[in-house]
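Read the structure below first, then the notes.
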Amino acid sequence: MRTLSGLWIDRSQRPTLQDQLARQIRERIRSGGLAPGDALPSTRDLASELKVSRNTAVYAYERLISEGYLDSSPRSGVFVSTSITLPRYLKRPAVDKRRVSASPVAHPSFSAPRPFRPCQPDVGLFPLLTWNRMRGRTLRREGRNILNYQASCIAGVPELRENVATYLRDHRGVRCHWNQVVITSGSQQALFLLASLLLTARDQVYVEDPGYVEARQACSNAGARIVPGPIDDQGLQLPRRGSGKISLIYTTPSRQFPTGVSLSLARRLALIDFAATNRSWIIEDDYDSELRYGAHPLPSLQSLDHSGRLIYTGTFSKLLFPSLRLGYVVVPEPLLDRFIELKHLSDDHLPLLDQSTLALFLESGAFYSHIRRCRREYATRHALFLELFERSGLPLTFL
């Protein structure tokens, strides 16, 4: 049934209300907005929608019936007359109503990830029951307030920011205050906002090559010029002399994506010195540094920086489950206010229920238990993978 939205009544005009209503419906039919056979709302519904008397709607319908535009069927309603012939360009394709009514509603198909997709955690290891208990505890504690807008949470729920700061200080060596932690929609939003904040057209950005394509795209979107940074067995090489002013450096030092090499200590110190000397910013994308199997996780690059030129980003999508879409960025104090203002333009705030649940998940220790379990399980699979390839005799070597 057509709702006839967009009809209006002007009581200051000379034509009567039923004349105005009949004219607009007539024009709707002639323009193809109403097609032959379309059902119209009842006179009661139409009168209520337009705030006119029911007689006004009745008189308008009766006029159009007498003119041949509408047909009335007892106990069925009023329809656009099927005897009307519209110009070909106004005709809508015929719809088989039996087929439409019999067709099932299309639901999205949530499929498993393809084999060998990089950085994809096994969600089967995630403690869903524990997560749901903490989600319920959050709802009981916060009540319906958590369902409202919260202007104070643009940068994230304070409890989550505090717990993330504690985690980063204790486990990654990151030096930060909790108010420097801004919760983002994964690390990708952080990269997009940082590129928009720090870059202008024609600025040069030094990006790992091969590297994370979306980081390159975020910088290109800001109008920057990409300078490829070669990777060797020590990680990202320093920019060459004569390459011009480098405004921003993007790196994944703990586990370079996609080669897996870790940035050596000598390169780390040299990169930090280069940034300080040339007034360049460094974005450290620490996307899955917790998942190392042959040694302890390396300290963050940020932990070595004393120049204040390093911006640390991370995500929970790789450690918990991808659809969570919660990440974080540790923003240097001089950039903090502008970064939060820019984020406010991107989103008012991220889902508060998920943020509060994650805060409890971290505070309770369930997060750290999950990480330990994942390390053990992934290490076993990693060893099996290497063993099977060694047996296969394929000419491949894994470092």
Side-chain angles (χ1 to χ4, degrees), residues 1-114 144 147-149 185-186 188-189 192 214 217 221 322-323 325 344-354:
M1 176 180 292
R2 296 284 166 178
T3 62
L4 294 183
S5 60
L7 297 183
W8 55 276
I9 295 294
D10 187 348
R11 300 179 187 276
S12 65
Q13 287 188 8
R14 178 171 298 178
T16 64
L17 301 185
Q18 55 261 38
D19 287 342
Q20 295 181 46
L21 183 54
R23 174 176 54 79
Q24 292 182 62
I25 296 175
R26 186 187 301 114
E27 291 175 353
R28 192 75 62 89
I29 295 173
R30 287 176 175 174
S31 67
L34 289 171
D38 279 351
L40 273 65
S42 69
T43 55
R44 189 184 305 276
D45 290 342
L46 184 60
S48 175
E49 181 178 346
L50 297 177
K51 294 181 173 55
V52 297
S53 71
R54 187 182 178 191
N55 283 339
T56 298
V58 170
Y59 294 150
Y61 277 6
E62 287 181 348
R63 174 177 297 185
L64 294 172
I65 290 172
S66 66
E67 293 175 2
Y69 287 98
L70 301 180
D71 288 330
S72 177
S73 177
R75 293 188 297 276
S76 296
V78 179
F79 303 84
V80 178
S81 176
T82 56
S83 63
I84 296 176
T85 302
L86 295 175
R88 181 173 299 176
Y89 66 88
L90 292 178
K91 289 183 178 179
R92 298 203 301 265
V95 177
D96 186 342
K97 295 183 179 180
R98 292 173 299 177
R99 184 174 180 181
V100 171
S101 61
S103 300
V105 177
H107 293 286
S109 177
F110 298 117
S111 58
R114 294 181 179 179
R144 296 182 184 273
L147 306 181
N148 293 317
Y149 289 113
S185 178
Q188 187 59 45
Q189 186 189 39
F192 176 80
E214 281 76 6
Q217 291 174 341
N221 184 73
S323 67
R325 305 310 308 143
H344 192 193
L345 297 177
S346 175
D347 60 71
D348 200 41
H349 54 66
L350 298 171
L352 301 177
L353 182 54
D354 286 340

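Quick note: numbers below take in every heavy atom, side chains included, and nothing from hydrogens, waters or symmetry partners.
- At most 12 heavy atoms of other shown residues, nucleotides or ligands fall within 6.0 angstrom of atom CZ in Arg44.
- Side chains of Leu21 and Tyr59 form no contact here, defined as non-hydrogen atoms less than 4.5 Å apart.
- Partners of Asp347 by side-chain hydrogen bond (donor to acceptor under 3.5 Å, both in side chains), not counting sequence neighbours, listed by chain and number: Gln189, Lys343.
- For Glu67, the side-chain hydrogen bond (donor to acceptor under 3.5 Å, both in side chains) partners are Arg26, not counting sequence neighbours.
- Heavy-atom neighbours of Phe192 CZ from other residues, nucleotides or ligands within 6.0 Å: at or below the threshold of 12.
- Residues Leu17 and Leu50 form no side-chain contact, since every pair of their non-hydrogen atoms from C-beta on lies 4.5 Å or further apart.
- Closest non-hydrogen pair, Ser185 versus Leu350, comes out as N-CD1, 3.4 Å.
- Not counting sequence neighbours, the partners of Thr56 by the side-chain hydrogen bond (donor to acceptor under 3.5 Å, both in side chains) test are Ser53.
- Side chains of Tyr69 and Arg30: a donor on one and an acceptor on the other come within 3.5 Å.
- Shortest non-hydrogen contact noted between Val80 and Leu70 is CA-CD2, 4.0 Å.
- For Ser73, the side chain to side chain contact (heavy atoms under 4.5 Å, CB included) partners at least two apart in sequence or on another chain are Ser76, Phe79.
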Kindly determine whether Arg23 and Glu27 satisfy side chain to side chain contact (heavy atoms under 4.5 Å, CB included), including the steps that lead there. CA-CA 6 Å; Arg23 174 176 54 79; Glu27 291 175 353; 3.6 Å; yes
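- Taking each heavy atom of Ala22 and Leu64 in turn, the nearest pair found is O-CD2, 3.7 Å.
- Partners of Pro15 under the side chain to side chain contact (heavy atoms under 4.5 Å, CB included) rule, at least two apart in sequence or in another chain, are Gln13, Asp19, Gln20.
- Scored by the side-chain hydrogen bond (donor to acceptor under 3.5 Å, both in side chains) test, Ser83 finds Ser81 as partners (sequence neighbours excluded).
- Atom-to-atom distance recorded for Arg28:CZ and Leu40:CG is 9.5 Å, nearest 0.5 angstrom.
- When only modelled atom types and interatomic distance are considered, Arg54 and Thr43 share a side-chain donor-acceptor pair under 3.5 Å.
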